[in-house]
Amino acid sequence: MQLSVDEILQLSPDEASAKAAKGLVTPAKWPTLAFSDTAMWGECQGSGAKPYQVQVDKSGPAFRCSCPSRKFPCKHGLALLLLYAQHAPKFSAASAPEWVSDWLASRQQRAEKQEQKKNEAAEKPAAVADPEASAKREAVRVQRMAGGIDELERWLADRVRQGLAQLPGQASLWREIAARMVDAQLPGLAFRLRQVESLVGQGDDWPARVLARFGQMRLLIDAARRAHELPAAVLADLHTALGHATEKDAVLGTGEQVKDRWFVLGQSTDEEERLWVRRVWVQGHESGRLGLLLDYAHGTRRFEQAFVSGSSFAATLAFYPGAAPRRALLVDTPVLVPDAAEGAPRKAISFTLGELAASVSASPWQWPQAMSLGQVVPVIEGGQWYLRTEEEGWLRLRAQDDDAWQMLAESGGRPVCVFGEWDGACLRPLSCWTSVLVWTEGAFAA
Amino acid sequence: MSAMQELAAQALIGTERRAPTLPVAEGPIGELLAQIAHAEGDMETRVLRSAGVLAVCGDAGFMPPPAQAPARAVCEMETTEEATEEATEGPEQKTVQETQRMPADRNFVSLLQQVLKDGPDSLRLEALRGLAATRSALPARLLPMALQLARQTSSLRADLLPVLGARGRWLAGLNADWDFVATGNLSLIDQGSSDSWEHGNTEQRQRYLGLLRASDPARARTLFVEALPELDARERAALLQQLATALGAEDEALLESLLQDRSKEVRQVAADLLSRLPASRYVERMSARMADCLRTERKLLRRVLTIEAPETFPADWKQDALEEPRAKSEPLGERAWWLYQIARGLPLAWWSTQTDMQPAELFGWASASDWGPSLLRAWREAMIREAGHAATAGVTASWAAAQLEHKSVQPQDVFDLIDYLPLRQREAHWLRILEHAARSVGTGDLFARIVRSVNDKRIDMDPAATLSADFCRQALQRARTHFAQNNSLYDYTLRKSLVDFVCLIPAGAFDEAATPWPLDPQSQFFNETAARVLLVIEQRKALHQYLHQHIDPRKPS
């Protein structure tokens with residue numbers, strides 16, 4: 001598919017790469033430029049003697065370049081795509097040289113191998129390496145976790161006993177307990193503690209919000225103590241909340257599989273200390289199921305599979321176990337489905353709130369929740385952004401000013417559809433539709 | 001206060017200080033809370049568990065709070081291009097044609113986005129003006145960026161306002177940063193109502209007077225005269241300067257009276273303004289004085305005109321704002337100073353009629369005379385004064401051309417003089433400088449000067465004039481040779497000015513500019529510039545293509 005200049009620039013990992021790529025869009029710098037059915041490639045003259053070999057696989061798109069840059073895609077890959085978009089006549093149709101066909105073949109091989117591996121994992125039961133050693137490891141782990149739970153219980157009780165008023169300005173307190181949770185192999189609890197820390201002292205009603213979070217953690221402790229009594233789905237949710245997600249292979253092997261055409265509702269990317277997290281929300285056309293694809297990347301913002309909000313792809317998803325299953329894995333390679341314009345969520349607010357209630361009651365520790373709103377109007381009041389619902393209610397928005405003005409301009413004061421992530425107090429908008437997708441979070445539009 | 005907030009207020013203090021009351025409620029939640037309250041365990045656990053129950057139930061049963069402000073007005077519906085085609089058959093045809101169309105072509109919108117984002121400013125202006133010419137409005141997604149841009153760059157504002165459309169104006173009304181849109185739209189006189197005259201500061205009064213003068217000169221003069229007694233010297237001079245707009249013979253009386261003003265500054269301004277009225281008595285008096293200084297002598301069978309500075313300074317000259325003493329830093333001698341003052345009050349055309357010499361001869365004649373410096377300086381000032389006016393532009397142009405040919409011109413004056421000529425003549429001079437004087441004037445600086453000259457509409461009387469394709473081809477050829485030389489590495493100005501220049505070339509020279517630039521593969525210096533130049537050419541080509549596809553159907557083709 002032919003990408004427009006904006007879409008190409010959206011693939012860039014940061015503003016500096018986009019700028020550098022634009023500077024390379026000079027045919028004079030590229031001694032070789034060619035394309036075939038599946039890929040395009042070229043050689044770019046850099047500052048060294050030998051030119052860099054750059055290639056792009058059109059399905060995807062996937063990039064490869066021989067330059068030493070650690071960014072992905074690098075400026076050469078972006079520039080090649082831009083050249084193709086803006087100076088297409090400069091490319092000559094040719095058969096792929098060795099260095100291109102080798103890469104394409106290896107990509108093909110890798111995809112096939114992955115499929116094979118997934119199929120094998122589905123058929124074979126997981127073999128236990130050494131039952132005694134692993135049982136010992138397991139016992140140690142359980143002991144550590146129990147110790148961590150006990151410690152958190154005491155910590156929470158101390159906070160309530162001494163009073164929440166003591167909390168502001170005690171950074172070391174939080175650091176210590178979070179570190180202890182990590183030591184006790186309860187990273188999910190450490191994450192929650194860090195979240196609560198950021199709420200202390202913010203706004204007039206911070207004590208209520210902090211106490212609410214403490215309350216939820218107390219419920220988690222209670223659930224952890226009764227883990228042996230819990231039904232399997234709730235137990236799975238509990239483990240996720242504590243920070244132990246099920247193994248990928250297990251999910252691929254035994255998780256619920258749903259084959260459908262999936263509509264990409266929206267995606268969010270966050271970074272915390274060089275760890276990038278991307279959440280892609282999808283909805284099945286036929287099944288109506290909501291899915292969450294979660295990916296991590298270390299150091300650079302590079303994910304294996306790219307998704308375009310508002311597009312649809314056909315694939316099989318395997319869901320992680322849980323009471324209200326959301327998180328899922330791709331079983332096979334997604335195939336883009338063209339002209340899937342329908343699918344933008346158009347729900348009444350009462351329906352949305354009902355869905356939220358159902359989701360929270362089934363899985364109270366899921367964070368964040370997804371929210372699709374059908375008829376809302378973006379509003380700015382007193383420097384703060386809101387969505388006005390059709391029943392004259394207000395939902396607070398968490399968005400960058402530049403982004404929000406963009407959304408407001410597109411809506412023109414008229415109702416629009418918005419999809420976003422709900423954290424209990426604010427909605428983080430990710431996509432916005434009028435009759436077509438007109439806005440996504442963080443597009444380098446402004 | 002909600003149950004959670006009440007519980008939190010108690011938790012704030014701490015259970016060790018005061019035993020809290022646990023929350024109660026109706027229905028199943030109340031039963032659960034009661035269960036917790038009566039269970040075993042310490043108070044802290046019970047508080048936390050109650051808080052947890054309230055939190056989860058609160059999250060599940062979340063309802064958006066009622067809106068705190070009333071709904072705002074919605075912006076008008078505009079049409080996209082597809083809608084226009086459908087609606088031309090209906091009875092609403094008239095209203096549809098009134099509203100502006102938003103371009104719907106994805107690639108065109110993408111191009112506009114790139115242009116607005118990256119610039120340069122000349123290209124942005126071209127895009128905005130092109131849109132206005134086809135009666136289109138900016139697509140919604142570009143509005144915030146465009147408004148931000150116009151906020152930072154005030155020179156773009158005038159061209160942005162026509163293409164904002166109803167949606168843009170609506171959006172601008174919601175953000176205090178963009179209120180220049182609202183004020184820009186008001187008729188100029190409404191904007192400066194008589195309030196700003198009555199109560200404004202000097203700047204506002206100046207602006208108001210200037211605007212009023214453009215539409216109603218007589219009234220402006222009357223206002224000025226009424227206010228005269230209360231103004232101090234600086235204000236009088238500043239406001240008097242505003243009368244330069246639409247200056248006419250009716251102003252003569254006022255100006256004559258102001259020649260006797262207490263303040264030297266005011267007298268100078270009045271004299272300057274009178275000099276612009278060739279039929280005024282002031283100019284007559286000056287002509288008489290100058291005529292006194294001119295003599296025809298017989299020299300070797302020829303009649304030669306000579307000029308002699310006045311020997312004395314009669315007392316009545318003071319009435320005409322002529323100063324007897326010189327300033328300390330004044331390089332001219334005393335008599336030369338007097339001559340200069342008389343000369344500068346005369347219109348340039350006077351010299352040709354009086355002496356029967358063309359400007360070229362006049363320059364030669366002045367250089368030969370002892371009093372040359374006075375004359376040259378006076379003529380320079382007269383040129384500046386007369387350059388901006390349509391009536392005298394032709395005269396100024398011929399004088400400027402003459403001086404450029406003559407040896408007496410100072411290097412720093414060259415560009416200013418070139419600016420007074422019509423565009424084609426300017427091009428000829430610029431090419432000459434590009435060819436020969438590239439060492440004394442940097443190529444980058446030269447291009448920058450060309451760009452400034454073409455963009456300054458005040459100088460060129462014909463706003464539709466554009467550079468000729470021939471000139472651009474030759475100029476770009478020079479730029480290419482310059483690129484290839486080593487010393488061009490240090491020409492930092494060229495990087496920006498070349499891109500600006502490429503924004504001004506006509507469509508005929510696009511191909512010349514688009515052929516690849518000679519780049520040294522080892523050096524990085526001009527890569528970005530060359531890439532940028534090519535990109536700008538491509539963008540201009542695409543812009544022209546799109547805009548020509550959508551010529552306003554109401555205009556005759």
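All figures in this text were calculated on a predicted structure; none of them were measured in a lab. Throughout, a chain's letter reflects where its sequence line sits, starting with A, and its residues are numbered from 1.
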>> Using side chain to side chain contact (heavy atoms under 4.5 Å, CB included), reason through R159(A) and E44(B) one step at a time and then give a plain yes or no.
In response: CA-CA 9 Å; R159(A) 300 285 76 72; E44(B) 288 81 37; over 6 Å; no

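- Scanning all heavy atoms of the two residues, the minimum distance from V74(B) to G413(A) falls at CG2-O, 3.3 Å.
- Remark: L199(A) CG is packed, more than 12 non-hydrogen atoms of other residues, nucleotides or ligands lying under 6.0 Å away.
- For the pair L219(A) and V53(B), the tightest heavy-atom approach, listed with the atom from each and the gap, is CD1-N, 4.1 Å.
- A 4.5 Å side-chain heavy-atom check between W405(A) and L174(B) finds at least one atom pair inside the cut-off.
- If you measure heavy-atom distances from L116(B) to chain A, you find no contacts under 4.5 Å at all.
- Contact tally against chain A (heavy-atom pairs below 4.5 Å) for P66(B), A60(B), A146(B): the top residue is A60(B).
- To the nearest 0.5 Å, the span separating CD on Q366(A) from CG on D59(B) amounts to 12.5 Å.
- For chain B, the nearby part of R388(A) is the side chain; its heavy atoms alone come within less than 4.5 Å.
- Between the CG atom of L164(A) and the CD atom of Q10(B) there is a distance of 11.5 Å, given to the nearest 0.5 Å.
- Atom NZ of K22(A) is separated from atom CZ of R532(B) by 8.5 Å, given to the nearest 0.5 angstrom.
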>> Show, in sequence, the C-alpha distance, side-chain angles and deciding distance for E381(A) and Q68(B), and conclude whether the side chain to side chain contact (heavy atoms under 4.5 Å, CB included) test is met.
In response: CA-CA 9 Å; E381(A) 197 67 43; Q68(B) 303 282 327; over 6 Å; no

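- The shortest non-hydrogen separation linking W394(A) to A69(B) is CZ2-N, 3.7 Å.
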> Going through the distances and angles, do V56(B) and Q216(A) end up as a side chain to side chain contact (heavy atoms under 4.5 Å, CB included)?
Replying inline: CA-CA 7 Å; V56(B) 174; Q216(A) 285 173 321; 4.1 Å; yes

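- Here Q162(A) contributes atom CD and T15(B) contributes atom OG1; the two are 9.5 Å apart, rounded to the nearest 0.5 Å.
- Taking CD1 of I221(A) as the reference point, atom CZ of R49(B) lies at 9.5 Å (rounded to 0.5 Å).
- Proximity of R141(B) to V438(A): side-chain heavy atoms (C-beta onward) are nowhere separated by under 4.5 Å.
- Looking at every heavy atom in both residues, Q5(B) comes nearest to A208(A) through CG-CB, 3.9 Å.
- When every heavy atom of G412(A) is checked against every heavy atom of R167(B), the shortest pair comes out as N-NH1, 3.6 Å.
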>> I'd like to know whether L408(A) forms a side chain to side chain contact (heavy atoms under 4.5 Å, CB included) with W170(B), so could you lay out the CA-CA distance, the side-chain angles of the two residues, the decisive distance to 0.1 Å, and finally the verdict.
In response: CA-CA 11 Å; L408(A) 184 59; W170(B) 169 84; 4.0 Å; yes

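- The contact between I13(B) and chain A is made entirely by backbone atoms, counting heavy-atom distances below 4.5 Å.
- Scanning all heavy atoms of the two residues, the minimum distance from A157(A) to L48(B) falls at N-CD1, 4.2 Å.
- D158(A) does not touch chain B: none of its heavy atoms, backbone or side chain, sits under 4.5 Å away.
- A distance of 7.0 Å separates CD in Q148(B) from CG in D402(A), rounded to the nearest 0.5 Å.
- You'll find the side chain of M4(B) stays beyond 4.5 Å of the side chain of R209(A), heavy atoms only.
- Proximity to chain B (any heavy atom under 4.5 Å) is restricted, for Q166(A), to the side chain, taken from C-beta onward.
- Within a 6.0 Å sphere centred on CD of Q400(A), heavy atoms belonging to other residues, nucleotides or ligands number 12 at most.
- In terms of heavy-atom pairs under 4.5 Å with chain B, the best-connected choice from L356(A), D222(A), V379(A) is D222(A).
- By the 6.0 Å contact criterion, NZ on K19(A) is open, its count of non-hydrogen atoms from other residues, nucleotides or ligands being 12 or less.
- The neighbour count for D204(A) CG, taken as heavy atoms of other residues, nucleotides or ligands under 6.0 Å away, does not exceed 12.
- Only the side chain of D118(B) comes within contact range of chain A, with heavy atoms under 4.5 Å apart.
- Looking at W439(A), there are no atoms closer than 4.5 Å to chain B (heavy atoms on both sides), in backbone or side chain.
- Between V360(A) and F62(B) the shortest side-chain heavy-atom distance does not fall below 4.5 Å.
- Both the backbone and the side chain of L12(B) come within contact range of chain A, with heavy atoms under 4.5 Å apart.
- Listed options R161(A), R218(A), E153(A) were ranked by heavy-atom pairs under 4.5 angstrom with chain B; first place goes to R161(A).
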